[in-house]
Protein chains: 2
Amino acid sequence: MDDLEIRKAGLKVTLPRIKILELLREHTDRHLSAEDVYKLLIGCESDVGLATVYRVLTQFESAGLVKRHNFEGGQSVFELDRGGHHDHIVCLDCGHVEEFIDEVIEKRQRTIVKEKGFALEKHALILYAHCSRGNCPNRNR
Amino acid sequence: MDDLEIRKAGLKVTLPRIKILELLREHTDRHLSAEDVYKLLIGCESDVGLATVYRVLTQFESAGLVKRHNFEGGQSVFELDRGGHHDHIVCLDCGHVEEFIDEVIEKRQRTIVKEKGFALEKHALILYAHCSRGNCPNRNR
DNA sequence: TGTTAAATGCGAATTCTTCTCGTTTGTACA
DNA sequence: TGTACAAACGAGAAGAATTCGCATTTAACA
Ligand SMILES: [Mn+2]
Ligand SMILES: [Mn+2]
Ligand SMILES: [Zn+2]
Ligand SMILES: [Zn+2]
């Protein structure tokens, strides 16, 4: 049941919320934009409005159920928050995303912030690169 | 003369371009949005259109004269590219930005990317934190 | 099952950015 | 120095992503 997570977040268990959470659970491998979520829900019998998708994703973010990322390109993408933090490598050619976590970097960040007299809240580290997958449009060079 | 840099970039030396570059040189301490640049140029006798500001900033970016950053908040900010790379700490309360460079982190990034079979092109590391400046609205807690 | 506040869907509105197009302006060269 | 022409400009329309406003629906709980 998805219900529990939603209820725990203090939100009413509605069909749109159940379906969006379900969908995110089915795509833990991808990072979905609001538009992506909206389109994936379109065939799915009862329709969910785009505004609702945005609202629900934002609420899920506040509730700690999903994470939002702002990669280049202007639109936010979302993924289920499965607890552990990770950062991202994004292929500039095909958009493929890989995740990683590096404790050396994480620790350095904390040190730097402390030295500067800040209190670290969160961070975004995105490595833009060219991947080497066979189906990547720019795998040459 | 600002003219040289602009001409070297293969761009015609026009008044808007001179003024925008000048303005960025006067504000190396800040990170300006296109809107910021536009407003700062408004009093300044001859008017520069907002579309031109966007166009010129994008051209300067391609020419390596300025760097664009996408901090949280949806709008791009720009700063003069003075050669050396650096990353950013952004105060979530007052928007104050501090810059830093950490060779340990830079090196780890290169290692990680290589391990994953990518070719690193660039990266964005932004630490979101709470600063400790007296005039910061949320300096408490 | 009825009441009620919360949530939804729709379209309008915002915000940031880019495009279109008629006009202006550097630049190369006569 | 004057002319020709591509490049650049300003203004406003258009576009893309996101949020808002509001009438209607729905989950929660008595
Ligand atoms: Mn991820
Ligand atoms: Mn900077
Ligand atoms: Zn790729
Ligand atoms: Zn601050």
Side-chain angles (χ1 to χ4, degrees), chain A residues 1-23 31-63 65-66 68-78 95, chain B residues 1-23 31-63 65-66 68-78 95:
Chain A
M1 283 305 128
D2 287 328
D3 303 23
L4 285 180
E5 298 272 12
I6 297 172
R7 187 164 284 121
K8 261 195 286 180
L11 299 169
K12 280 196 348 188
V13 180
T14 64
L15 215 63
R17 298 214 255 238
I18 292 172
K19 292 211 275 187
I20 291 171
L21 188 50
E22 207 168 84
L23 201 154
H31 294 78
L32 300 167
S33 68
E35 192 74 31
D36 288 337
V37 171
Y38 174 68
K39 282 181 182 153
L40 284 167
L41 287 175
I42 275 191
C44 205
E45 75 256 26
S46 84
D47 286 323
V48 176
L50 182 55
T52 299
V53 172
Y54 274 104
R55 268 185 305 236
V56 169
L57 286 172
T58 302
Q59 292 158 345
F60 282 1
E61 184 190 11
S62 302
L65 289 176
V66 313
R68 175 198 304 257
H69 305 292
N70 297 106
F71 299 158
E72 286 192 352
Q75 70 192 333
S76 297
V77 294
F78 301 84
Chain B
M1 284 304 133
D2 287 328
D3 303 24
L4 285 180
E5 298 271 13
I6 298 172
R7 186 162 284 122
K8 261 194 290 179
L11 299 168
K12 284 201 335 193
V13 181
T14 63
L15 216 63
R17 299 214 254 237
I18 292 172
K19 292 212 276 188
I20 291 171
L21 187 50
E22 209 170 83
L23 201 153
H31 295 77
L32 301 168
S33 68
E35 190 74 32
D36 289 336
V37 171
Y38 174 68
K39 283 183 183 154
L40 285 167
L41 289 176
I42 276 192
C44 205
E45 73 258 26
S46 86
D47 286 324
V48 176
L50 182 56
T52 299
V53 173
Y54 275 104
R55 265 186 308 238
V56 169
L57 286 172
T58 303
Q59 292 158 345
F60 281 2
E61 185 191 11
S62 302
L65 289 176
V66 313
R68 175 199 301 260
H69 305 292
N70 297 105
F71 299 158
E72 286 192 352
Q75 73 192 336
S76 296
V77 294
F78 302 83

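In what follows, chains carry the letters A, B, and so on, assigned in the order in which the sequence lines appear, proteins first and then strands, with residues in each chain numbered from 1. All values below come from the heavy atoms of this structure, side chains included, with hydrogens, waters and symmetry mates left out.
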**Q.** Gap between atom NZ of A:K8 and atom CD1 of A:I6 - 0.5 Å precision
**A.** 11.5 Å

Q: Please name all residues satisfying side chain to side chain contact (heavy atoms under 4.5 Å, CB included) with A:E35, sequence neighbours left out, ordered by chain then number.
A: A:S33, A:Y38, A:K39, A:L50

Expected rows: protein N/O vs nucleotides 28-30 of chain D N/O, under 3.5 Å:
from   : atom 1 : to    : atom 2 : distance (Å)
D:dA28 : OP1    : A:R7  : NH2    : 3.3
D:dA28 : OP1    : A:V13 : N      : 3.1

Q) What pairs with B:Q75 under side chain to side chain donor-acceptor pair (under 3.5 Å), at least two apart in sequence or on another chain? A) none

**Q.** Separation between CG of A:D47 and CD1 of A:I42, rounded to the nearest 0.5 Å
**A.** 6.5 Å

Q) Roughly how many Å is it from NZ in A:K19 to C1' in C:dA7, rounded to a whole number? A) 15 Å

Q. Roughly how many Å is it from CD1 in A:I20 to P in C:dA7, rounded to a whole number?
A. 13 Å

**Q.** For B:L32, all residues meeting side chain to side chain contact (heavy atoms under 4.5 Å, CB included), sequence neighbours excluded
**A.** B:L23, B:L24, B:H27, B:R30, B:D36, B:V37, B:L40

Q: Mind calculating the distance between CD (A:Q59) and C1' (C:dA7) to the nearest angstrom?
A: 8 Å

Q: Round to a whole Å and report the spacing from CG of B:L15 to P of D:dC9.
A: 10 Å

Q) In Å, rounded to the nearest 0.5 Å, how long is the span from CG of A:D3 to CD1 of A:I18? A) 4.5 Å

(Q) What's the separation between atom CG in A:L21 and atom CG in A:L11, rounded to the nearest 0.5 Å? (A) 10.5 Å

Q: Measure the angle between the two terminal helix axes of the helix from C:dT1-D:dA30 to C:dA30-D:dT1, five base pairs each, and quote it to 10°.
A: 30°

Under 3.5 Å, which donor-acceptor pairs link side chains of residues 52-59 of chain A to any protein atom two or more places apart or in another chain?
from  : atom 1 : to    : atom 2 : distance (Å)
A:T52 : OG1    : A:R55 : NH2    : 3.1
A:T58 : OG1    : A:Y54 : O      : 2.9
A:T58 : OG1    : A:R68 : NH2    : 3.4
A:Q59 : OE1    : A:R17 : NH1    : 2.8

Q: Provide, to the nearest angstrom, the distance between the CG atom belonging to B:D47 and the P atom belonging to C:dT24.
A: 16 Å

Q: Would you mind reading off the distance between B:I6 atom CD1 and D:dA8 atom P, rounded to a whole angstrom?
A: 11 Å

Q | Spacing between B:I18 atom CD1 and C:dT27 atom C1', to the nearest angstrom | A | 14 Å

Q.
What is the separation between atom CD1 on A:I42 and atom P on C:dG9, rounded to the nearest whole Å?
A. 12 Å

Q | Under 4.0 angstrom between A:T52 side-chain N/O and C:dG9 OP1 or OP2 | A | yes

Q. Taking protein heavy atoms under 4.0 Å as touching, what does nucleotides 15-25 of chain D look like 5' to 3' if B marks base contact, S marks sugar-phosphate-only contact and - marks none?
A. --SBBBB----

